[in-house]
Amino acid sequence: MQQKKFITNIAFLIILNLLIKPFWPLGIEPLVQNTVGNAMYGEYFILFNFSFLLNIILDFGITNFNNKNIAQNNHLLSKHFSSLFTLKLILGFFYLIITIVLGIAMGYETRFIKLLFLLSINQFLISMIAYLRSNLLGLHLFKTDSFISIADRVIMIVLCIMLALKCFGLELNIMTFVYTQNIGYFLTAFIAFVTVYSKTNHFKLVWNFPFSVMILKQSMPYAILVLLMTFYNRVDAVMLEKLLPENNIYLSTLINKIKSIPELMQNEKISQIIASSSELLKESGTYQAGIYAKAFRLLDAGNMIAYLFSVQLLPTFSTMIKYKENVEHIVKLSFIILVAPALLVSIGCYSYSNEISYLINHGVNDSAKEFGLLMFCFTFISSTYIFGTLLTANGSLKQLNSMAIIGIFINIGLNFFLIPKLQAIGSVYSSVITQFFTAAIQIYFSIKIFKLKFNYKLITSLLLYIIGLVIINYYSKIMTDNWLLNFFIMVICSLILLFATKLISIKSILNLKSIKT
């Protein structure tokens, strides 16, 4: 029953998100970056990641705690909703103050602080949406949650398209881009609040101090885990800006304006000045952060899907652990469903990095190498979303926090060594190595704690699948002169390989259909 319900909900969620969310990283973000340039978009990306670093203050582990708690005790929704919502508002206030103060302490100028404030508002709204959705997931209202999961992107995509068409008489730039996000997240948070409110018996904005302290104490291990994981996942762009030369934004703006002048109106000397100045700007931290942002774009899009997978896994694992059900089969099933396609994506993107990078960045191809390597993180992150979620549902936070501390040391240490030498690609190397080790540690703890059997058949099939993927990608590239056709052939052959290696079988699919609800 759990297995079929899980598969049905995951399929609905992923299909719905695949129909909507790719338009954002593959359409809107490249449009904005190509319009404003790598350096200016790099500034946005740096501040976006900086606003992430302390967003644990917004949640303090409450969302994960609430998701698990409501899944195991549905009746607690009406009892706790008012107090937790008020607590979230108070935490949001402190987060905004601390983030802005830290931004000033970091030496960010006024225009940076303004942008940081707006991005921090977005982080608060995202956190509030996540908390409200945790109530729906705890109640196993998966389809309702699926629609709310795409609401923000739908609103933001529509607004950005209208800006690009100059429907409001405004230009599409970084500030208007962030304003559309403010509106999208606010409206989604409002919709989510109304939905959860309809499931409660009462709601009153009251701060219950003893209850808040009790919740924060219980959530502390979750908070520490999220803080540590956020640092090794989001610190790369911030370190690029601090470890590389500073960008002169006025020179960057001037170059972009001169470049917009028709070539016939530019003399040879101006062209030489632009070329030499552009090369200098490419060495800056903000420019390299812009390159990293391009490489990160498709990975971030893939992570959205993998994250949605884990969000539905958490209440499923929590319920099964509570009733002492064997989780081994659903862990294996989740691994195959998520990691097998992730391997296809990672190896395929590495093989076709130039072509895909050119496509998703609308004809600009200055981040292909970074993109191809960074996509290997997708496989490691996908396994983390399975085994990390299993450990979280079990309350194995000591092991998870140990893993996260190791991740921070690896990531920050490698960034300090590699960024000054290799710039953005150095940060990519540190990310891939960090994600590999943290995923391996979580798999080790999961096997140890849950006494999962070492499945030789699965490991053998997986190794054959990986070797097959490498061979298929190598030969598919030389089949025709049309890379899209070659890529399509590669995907089809890889899916056939999935069945040939018996990672997925027709029999298992038929057995799944026969399970009664």
Side-chain angles (χ1 to χ4, degrees), residues 25-26 29-30 33-34 37-50 52 231-247 252 278-303 342-343 345-381 407-439 470 473 477:
L26 305 183
E29 287 183 336
Q33 185 162 3
N34 290 343
N38 283 337
M40 200 168 289
Y41 192 88
E43 291 181 349
Y44 158 80
F45 189 66
I46 289 162
L47 293 173
F48 173 76
N49 283 279
F50 185 81
F52 248 105
F231 263 83
Y232 77 70
N233 279 310
R234 291 289 177 176
V235 78
D236 303 275
V238 178
M239 292 187 73
L240 278 168
E241 192 258 342
K242 292 302 176 185
L243 295 176
L244 293 175
E246 187 178 352
N247 170 51
S252 176
S278 296
E279 288 303 313
L280 282 174
L281 287 174
K282 287 180 181 179
E283 302 293 320
S284 69
T286 51
Y287 188 93
Q288 289 298 313
I291 295 295
Y292 188 86
K294 284 183 178 180
F296 188 76
R297 186 162 290 137
L298 192 59
L299 175 63
D300 198 32
N303 287 345
L343 281 165
V345 171
S346 295
I347 296 172
C349 285
Y350 179 77
S351 301
Y352 289 85
S353 58
N354 283 299
E355 295 86 352
I356 295 173
S357 180
Y358 186 86
L359 180 67
I360 65 176
N361 291 305
H362 300 185
V364 181
N365 196 20
D366 51 4
S367 59
K369 185 178 180 182
E370 290 84 355
F371 161 71
L373 288 169
L374 193 61
M375 284 306 295
F376 281 108
C377 288
F378 184 48
T379 297
F380 307 135
I381 292 171
I408 287 177
F409 276 109
I410 294 172
N411 188 258
I412 293 179
L414 286 174
N415 272 326
F416 267 114
F417 178 72
L418 294 174
I419 286 176
K421 295 174 184 277
L422 301 174
Q423 301 174 331
I425 194 69
S427 196
V428 169
Y429 284 132
S430 69
S431 293
V432 173
I433 293 168
T434 302
Q435 296 297 344
F436 169 77
F437 277 105
T438 52
V470 172
N473 273 273
K477 289 206 74 177

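We number each residue from 1, following the sequence as shown.
Side-chain atoms of Glu370 do not come within 3.5 Å of backbone N or O of Val428 as any donor-acceptor pair. With hydrogens and angles disregarded, no donor-acceptor distance shorter than 3.5 Å links the side chain of Lys421 to the backbone of Gly426.
In this structure, the side chains of Phe52 and Val238 stay at 4.5 Å or more apart for every pair of heavy atoms. Side-chain atoms of Tyr41 and Asn34, non-hydrogen and from C-beta on, never get closer than 4.5 Å to each other. Contact of the Asn411 side chain with the Asp236 side chain is registered, since non-hydrogen atoms from C-beta on lie closer than 4.5 Å. The closest side-chain heavy-atom distance from Tyr232 to Gln435 is below 4.5 Å. Taking 4.5 Å as the limit, some side-chain heavy atom of Val432 sits within range of a side-chain heavy atom of Phe380. Within the 4.5 Å cutoff, the side chain of Ile347 has heavy atoms near those of the Phe376 side chain.
Scanning all heavy atoms of the two residues, the minimum distance from Cys349 to Leu298 falls at SG-CD2, 3.9 Å. For Pro25 against Arg297, the heavy-atom pair with the smallest separation is O-CD, 2.6 Å. Residue Asn49 comes nearest to Ala237 through the heavy atom pair ND2-CB, 3.7 Å, listed as atom of the first residue, atom of the second, then distance. Nearest approach of Thr286 to Ala39, heavy atoms of both residues: CB-O, 3.6 Å.
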Evaluate the side-chain contact (heavy atoms from CB on, under 4.5 Å) criterion for residues Tyr287 and Asp366: first the C-alpha distance (whole Å), next the side-chain angles of each, then the deciding distance (0.1 Å), finally the verdict.
CA-CA 11 Å; Tyr287 188 93; Asp366 51 4; 3.9 Å; yes

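The CD atom of Glu29 sits 10.5 Å away from the CG atom of Asn361 when rounded to the nearest 0.5 Å. In this structure, the separation between NZ on Lys242 and CZ on Phe50 is 8.5 Å, given to the nearest 0.5 Å. Atom CG of Leu299 and atom CG of Leu373 lie 12.0 Å apart (nearest 0.5 Å). Atom CG of residue Asn365 and atom CD1 of residue Ile360 lie 9.5 Å apart, to the nearest 0.5 angstrom. Rounded to the nearest 0.5 Å, atoms CD1 (Ile433) and CG (Leu414) are 5.0 Å apart. Rounded to the nearest 0.5 Å, atoms OH (Tyr429) and CG (Leu418) are 9.0 Å apart.
Under a cutoff of 6.0 Å and an axis angle of 45°, Lys294 and Phe371 do not form a cation-pi pair.
Other residues, nucleotides and ligands place no more than 12 heavy atoms under 6.0 Å from the NZ atom of Lys369.
Ring geometry for Phe45 versus Tyr292: interplanar angle of 30 to 60°, hence tilted.
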